[in-house]
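Here the structure comes first, spelled out in structure tokens, and everything after it is commentary.
Residue numbers start from 1 in every chain, and the chains themselves are labelled A, B, ... in the order their sequence lines are given, proteins ahead of strands.
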2 protein chains.
Amino acid sequence: MTTNKSRTRGRPRRFDPEAAVATAQRLFHARGYDAVSVADVTDALGINPPSFYAAFGSKVGLYQRVLDHWTDTEAIPLADILRADVPVATALAAMLEDAARRYASDPAAGGCLVLEGTRCTDDGAREAALTLNLGAESFIRDYIAARHPEAAEEAADFVSTTMSGLSAKARAGYDLPRLLATARLAGRVLAQILPA
Amino acid sequence: MTTNKSRTRGRPRRFDPEAAVATAQRLFHARGYDAVSVADVTDALGINPPSFYAAFGSKVGLYQRVLDHWTDTEAIPLADILRADVPVATALAAMLEDAARRYASDPAAGGCLVLEGTRCTDDGAREAALTLNLGAESFIRDYIAARHPEAAEEAADFVSTTMSGLSAKARAGYDLPRLLATARLAGRVLAQILPA
DNA sequence: ATTTATTTGTAGTCACTATTACAAAATACC
DNA sequence: GGTATTTTGTAATAGTGACTACAAATAAAT
């Protein structure tokens, strides 16, 4: 499927772009977009700046690739969790628990890659992360609105705020049990305002 | 009270350090520690770098002064809100509402100065903010533990996480009604797990 | 008026940032 | 084997970050 027409001649690549994206994802997740320099990335990959810019174009270019890769591999599977055949509050509670587990899963890289990315100083990177996050929030709000239109905004805001808080606390070092306890408390409210 | 022994001779100051701290506070709150350069501060104050370093020592030195000033003027008055003569859940709910109001009060500077400061890349500034935040969290946890020891950690974590989320969402542009609605939903859980 | 203490303005240092010019090196094609 | 094509390594560029050396300027104290 991948026609590598432009790689038939010349020196072969010394690094696999796919693996490079995975490595970069680890760096960005652990230290945040701002704190990771291009030199950090090239050092970690064992390549030099020209190879980096030939492959990714720019730092935000790499970040975009990282976000795409993350969406395909580590993002919360909203479409699977927010199902039409379970009560809305139950599904949302499951989503919050899933978030807590993911945010705490890697102690070296706390929190959500995207939520943390929405807070970086670089305009381009921040908007890329914001776009992804807005999409997820719309998905959640629409899911709620389908069965509880009058409570959709309130509930969606509550859920989003809780997830932002969970990500921040995961980054601050809270372990899984503590995050999970908070997620479950938040789930209680949802059961109240979104009766099955 | 202020013995300005060392200012008896020489050229008088062209700027008031107190007012300078207030101006710096606005800058840091609006754009965050990382995004504000020393040049931004000196430009805003109409002074030159040597005057800045003579007055504050360093960028984190100024930030410390800003945090102190903030503690005295704009911090949530925990000691007033978390009273012994009201139910714990009621007081905590009032605190969350107060946080929502403060975080949304200045549309140009969303969120909590300290909570946002705990996420900057500079080690010194981050730890200064973290220290302040840890103190506040301990105060809250102790307040809960006095009457609900078994639920203290769970409730304190939930409150802290909610506040982090509120600050993040305020920074993302949520207006007061939305923040307030979320704060009130969080208050409901507290009423459940901390019965009067 | 002269001395003295202090701040100011100019200009610079040094480290680091993202990004790129250029030429040597290495491979596939003919 | 020769050539075309592409990547690589070296090194540089332009910009910005925090911070400072130094001498002129100023005003109080004498």
Self-check item: Leu190(A): which of Leu92(A), Thr90(A), Ile144(A) passes side chain to side chain contact (heavy atoms under 4.5 Å, CB included)
Solution: Leu92(A)
Practice problem: Take the protein atom CG of Asp43(B) and the nucleotide atom P of dG17(D), then report the distance between them rounded to whole Å. | Solution: 10 Å
Quiz item: Under 4.0 angstrom, heavy atoms only, what part of the nucleic acid is Val60(B) near: base, sugar-phosphate, or nothing?
Solution: nothing
Quiz item: Which part of the nucleic acid, if any, lies within contact of Val36(B), taking any heavy atom under 4.0 Å across all strands shown: a base, the sugar-phosphate backbone alone, or nothing?
Solution: sugar-phosphate
Quiz item: If only side-chain N and O atoms of Tyr53(B) are considered, is one of them under 4.0 Å from the OP1 or OP2 phosphate oxygen of dT20(D)?
Solution: no
Could I get a table of every N or O pair under 3.5 Å where one atom is in the protein and the other is in nucleotides 10-15 of chain D?
none

Quiz item: Between dA18(C) atom C1' and Tyr63(A) atom OH, what is the distance in whole Å?
Solution: 17 Å
Quiz prompt | Rounded distance in Å - CG (Leu45(B)) to P (dG9(C)) | solution = 12 Å
Quiz prompt | Tyr143(B) ring center within less than 6.0 Å of Phe139(B) ring center | solution = no
Practice problem: Starting from P on dT16(D), measure out to CG on Asp34(A) and report it in whole angstrom. | Solution: 17 Å
Review item, side-chain donor-acceptor pairs of residues 65-73 of chain B, under 3.5 Å, at least two apart:
| residue | atom | partner | partner atom | Å |
| --- | --- | --- | --- | --- |
| His69(B) | ND1 | Gln25(B) | OE1 | 2.7 |
| Thr71(B) | OG1 | Leu67(B) | O | 2.8 |
| Thr73(B) | OG1 | His69(B) | O | 2.8 |

Quiz item: Lys59(B) NZ to dA15(C) P: how many Å, rounded?
Solution: 19 Å
Quiz item: Within this structure, what is the CG-to-P distance between Asp40(A) and dT17(C), rounded to whole angstrom?
Solution: 7 Å
Practice problem: Mind calculating the distance between CZ (Phe52(B)) and P (dT8(C)) to the nearest angstrom? | Solution: 13 Å
Quiz prompt | Ile47(A) CD1 to dT7(D) P, straight-line distance once rounded to whole Å | solution = 12 Å
Quiz item: Does dT7(D) have OP1 or OP2 sitting under 4.0 Å from an N or O in the side chain of Ser51(A)?
Solution: no
Practice problem: For Glu154(B), check salt bridge (charged side-chain N to carboxylate O under 4.0 Å, His left out) against everything at least two apart and list the hits. | Solution: none
Quiz item: Is Lys59(A) positioned over the aromatic face of Tyr33(A), cation under 6.0 angstrom from the ring centre and no more than 45 degrees off axis?
Solution: yes
Practice problem: Verify whether one side chain among Asp34(A) and Thr121(A) offers a donor that lies under 3.5 Å from an acceptor in the other. | Solution: yes
Quiz item: So, Arg126(A) side chain and Cys120(A) main chain: donor-acceptor pair closer than 3.5 Å or not?
Solution: yes
